[in-house]
K.L.:
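Take a look at this one; I'll ask things after.
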Amino acid sequence: MTGSIFESEKIKEDFPLLEREVNGKPIVYLDSAATSQKPIEVIDRMTDYYKQINANVHRGAYHIAELATSEMEETRTKVSRFINASSEKEIVFTKNATEAINLVAYTWARTQLNEGDVILLSSLEHHSNIVPWQQLSSERNIEIRWIPITQDGQLDLSSMDELLADVKLLCVSAVSNALGTINPVKQLTDAAHQVGAICLVDACQSVPHFKTDVAELGADFLAFSGHKMCGPTGVGVLWGRLDLLEKMPPFLGGGEMILNVTSDGFTTNEVPWKFEAGTPPIAEIIGLGVAVSYLEKIGMEAIREHEQNLTSYALDLLNDRFGDDLIIHGPGAAVERSGVISFSYRDIHPHDISQVLDQYGVCVRAGHHCCKPLMALLGVNATARASLYIYNDESDIKVLADAINEVGKIFS
Amino acid sequence: MTGSIFESEKIKEDFPLLEREVNGKPIVYLDSAATSQKPIEVIDRMTDYYKQINANVHRGAYHIAELATSEMEETRTKVSRFINASSEKEIVFTKNATEAINLVAYTWARTQLNEGDVILLSSLEHHSNIVPWQQLSSERNIEIRWIPITQDGQLDLSSMDELLADVKLLCVSAVSNALGTINPVKQLTDAAHQVGAICLVDACQSVPHFKTDVAELGADFLAFSGHKMCGPTGVGVLWGRLDLLEKMPPFLGGGEMILNVTSDGFTTNEVPWKFEAGTPPIAEIIGLGVAVSYLEKIGMEAIREHEQNLTSYALDLLNDRFGDDLIIHGPGAAVERSGVISFSYRDIHPHDISQVLDQYGVCVRAGHHCCKPLMALLGVNATARASLYIYNDESDIKVLADAINEVGKIFS
Amino acid sequence: MPGLEDLYKEIILDHYKNPRNQGELSVPPAIMEEGFNPLCGDEVKVYVLTDGDLIKDIRIDGQGCSISQASASMMAESVIDKTLEEAKNLIERFKEMMSVHESNMDSEELSEDNDENSLGDLQALKGVVKYPVRIKCATLGWNTFDQIITPGE
Amino acid sequence: MPGLEDLYKEIILDHYKNPRNQGELSVPPAIMEEGFNPLCGDEVKVYVLTDGDLIKDIRIDGQGCSISQASASMMAESVIDKTLEEAKNLIERFKEMMSVHESNMDSEELSEDNDENSLGDLQALKGVVKYPVRIKCATLGWNTFDQIITPGE
Ligand SMILES: Cc1ncc(COP(=O)(O)O)c(C=O)c1O
Ligand SMILES: Cc1ncc(COP(=O)(O)O)c(C=O)c1O
């Protein structure tokens, strides 16, 4: 089925790492929620950057500096179109999604939120969308409130009205990295806007896998990382509504973000450069631009369709094969979730599961997935997590299942 | 002369970009103070990382995640030895030097400095070592005081005693990026420590060019960037004394920097991970490790000797050829300066100089070099700046001089 | 000067060496705005004296490269004695010329077009689009002038 | 289970399935410390009851993988009824074994050595050094125990 719309065999060939072996077995990479593999064109473009046009940006009047600058700035435009931003000025490059969220916490939130205000978080959030708010909360005596979850790891919106009282900021992930739950972002942002709150969407797990439209989501801020969407490490993106960005004070101070500096003080540069202090991750931004083009070439709708089909296949296969021995956390149906499959197998610790799977070339993550509050709610310490991407296919799922079976034998 | 100790022709071959042409002329790259070119082994190692072991670090129990983690952590050890830190725990990876300085401003300084305290800056500082302090100053009513400079762009230490009154933090660059001045860091840190101040050294322009020993410098914090020392963009380093780092609150909040998170709050991870929130620039850190090995292979003493000889050659050549038409800012003797040569030529605007030089393949920077307060003191708006590195040789200087001559013809 | 002919045209060098309308005006009655080019440190001060709808006088002060100086000088010459409306129109057309369109970049032949929208001498600056970093130099004076006559933007 | 024999030895699996000294002690008189492995979320609680210099009782509570559970269980068995001095010495030798030396990593043959410093059953954990990520699992209980008997560190 999945083969018909999507040539996953051909896509696999774009990713050099997937040709390697681990412990004498072909690698089966199922940890794309942590970081994705990179297609050869992304790797090559960065190599070419260093071999052909490497120069510091924005200030050089010479040829290669102009090339580097314009390629970097073209990526800004590309990214802004990719998420349907209204202007490339709304795209701030950071080092990762975590910095993007912290930027909002240090600038927008620290000028707008005060004692008595409430920040509403979903119980599915990643530490990167929790800890910055806890830091602020303890500084300012701001209340953090949690949207509870249902048994199957979906947000429980039954008491949103009470939850929203005094809320000034809603922080929610579009897709949970721990369970794969797709959250009803638009419904949440609509409700939050009704009470005048601002909405930050953590899109780390959605931008790589779904068509993203910041307007449709009703987001005011949106954060994601390059390395989970076929791009390199070292670059992330904060999108923000232009009017908000323009009113925010700067964050990091230094080169690039100033218009003028005297011994008495400084004036800030225009948005978005106001938020990009110091030499940017130039090669990485350019690499991200190639990654965006790569994903667009395949098509975000096709990607989602492939992943949904494959997830459905995986859920069925694992349930059929292991029955009650294997519990898959999160929503039951593939349509309600991304390609993240978080599971418990008997009472075997996820760390041991992952160690044995590695012996069969299978890469899955074991742990709390940076979601300790969620793990506490689920009543587990950790889970094993297999997460899919464009280069995975049914054969990968079969190898996974066979390897899980071997785990059972050791810890019987 | 320089050829004898240093095979610059062979070194040039390590840098693929230096083989290219610009406007039909072989490139003459003289902007290493902005960013250096990268040797092939650094580029190749990052490519290999993405092709062989790309995986998110620290949390994966599978083989390639272990390889990525250990290579990243080995780089920490390598960097700590390179600057003679007492432990690899003192090495915090950031996105650039600017973030490193801001980290100190947001954590150490915001918990230690209060109204009435004084921050002492040298007048040679880069905006990245000025603006973070101005941001703090305006928040807290902290005084910023400036160490003046002499006519030839050296720090004027004649009234240090008065300058040091109430100083709690000294921020000084080891080498000026605008003038190349080598500052007497040890003398300054000794004086500052006498009044109980903490010393932050901006080592962006020294670590790539001089043997660096944090203990010998008497630094408490030291910041530098990977991209100026043959490493990739997207990675910088903060070194800090372990006891200071351990007492500092965290900066960015998120994954990696926590030990535990509950819905009520979080506990921080150990130093240095406490300061490394989110997915680190993994490929970039690994690339930086290769850059450090590359520099060590050549030898920092040999690098300095080569650069000093070449600077001396350049100063003589330019002075001889252009006489009073060309003013070289900063100290007169090569021994007092790095390979940064900042100059004014007649009354021709540096932007125009650099534009014409580009026509001859020569890359120099024109502008304020992120040192506007210094430019104000020098009474210029901008300068043209040629900056040397290991791969430059006498022929590059000759091409520069010939091209400057052409500039003169156009704007006669 | 191979390759630089498009940038450093005769008329640009002339305006650079002999800038028109240099100096200051007393504020008030004139209005002054300051512009910075954060990339190279250039600063420009534009003084404008209006009489109703008419730009009676304009002066340029500050430091900058040949392109920013010449562009501001040529701007001053073009807008003096014009109405605000006409000046705004000119700014718009100038910025249009300075924006990096594929067409602008590609056209080997940077010919002056002769329709009613002709920018006259200002056409000489068209070569700047080939050097994206210099566009900010060319538009510095214009943006600053724009801030004066289109306030509150 | 090709390749995993060094990690999942018989004795380790036995301690994992039948952990010794599991449970709690009342605090006081016992002392309790909690340890976290930030990488995988494992938590361990170590309770120690001393009588003068003697470790009278030790209990382990918490959740973790086979390696962290087995290691803590084996630790408890080894230190009960020992003096603090002896326990500290054992901690040191165990950590030494767990540190990634070239020699440790290279030795294909992870043989038990038989000199007076032998760690006895604990030697079975030596295979963990081949899997650097798991070292933190193996040392979690030990570090937590160390915090109790070497306070103020
Ligand atoms: C002296 C000095 N300090 C700080 C910086 C800032 O470094 P980065 O832009 O890599 O953060 C630079 C380089 O631009 C520099 O030369
Ligand atoms: C949902 C979610 N939010 C935030 C992050 C943090 O991203 P990064 O580590 O790239 O900053 C991640 C990934 O680890 C994630 O999955």
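Each chain gets a letter, A, B and so on, in the order the sequences are listed, and its residues count up from 1.
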K.L.:
Which residues pass the side chain to side chain donor-acceptor pair (under 3.5 Å) test with B/H368, sequence neighbours left out?
P.N.:
none

K.L.:
Taking atom CD as the centre, does B/E21 end up with more than 12 heavy-atom neighbours from other residues, nucleotides or ligands that are less than 6.0 angstrom away?
P.N.:
yes

K.L.:
Could you note down all residue pairs passing salt bridge (charged side-chain N to carboxylate O under 4.0 Å, His left out) where residues 374-386 of chain B supplies at least one of them, sequence neighbours left out?
P.N.:
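Qualifying pairs: B/D31-B/R385.
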
K.L.:
Considering only heavy atoms, which portion of B/I348 lies under 4.5 Å from any heavy atom of chain C: side chain, backbone, both, or neither?
P.N.:
backbone

K.L.:
Count the heavy atoms of every other residue, nucleotide or ligand shown that sit under 6.0 Å from CD of B/Q151, and state whether that count exceeds 12.
P.N.:
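At most 12 heavy atoms, drawn from other residues, nucleotides or ligands, come within 6.0 Å of this atom.
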
K.L.:
Using every non-hydrogen atom in the two residues, find where B/I410 and C/L13 come nearest and quote the distance to one decimal.
P.N.:
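Looking at all heavy atoms of both residues, the closest pair is O-CD1, 4.2 Å.
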
K.L.:
Between B/Q355 and C/R134, what is the shortest heavy-atom contact and its length?
P.N.:
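It is OE1-NH1, 2.5 Å.
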
K.L.:
Under 4.5 Å, heavy atom to heavy atom, which residues of residues 16-24 of chain C contact chain B?
P.N.:
C/Y16, C/K17

K.L.:
Would you say that C/V133 contacts B/H351 through its side chain, given a criterion of any heavy-atom pair below 4.5 Å between the two side chains?
P.N.:
yes

K.L.:
Got a sec, which pairs hit side chain to side chain donor-acceptor pair (under 3.5 Å) with one end in residues 27-51 of chain C, sequence neighbours left out?
P.N.:
B/H349-C/D42

K.L.:
Could you measure the distance from the CG atom of B/D358 to the CG atom of C/L4? Nearest 0.5 Å is fine.
P.N.:
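Going from CG on B/D358 over to CG on C/L4, the span is 8.0 Å.
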
K.L.:
Taking B/D352 for the side chain and C/C65 for the main chain, is one N or O donor matched with an acceptor at less than 3.5 Å?
P.N.:
no

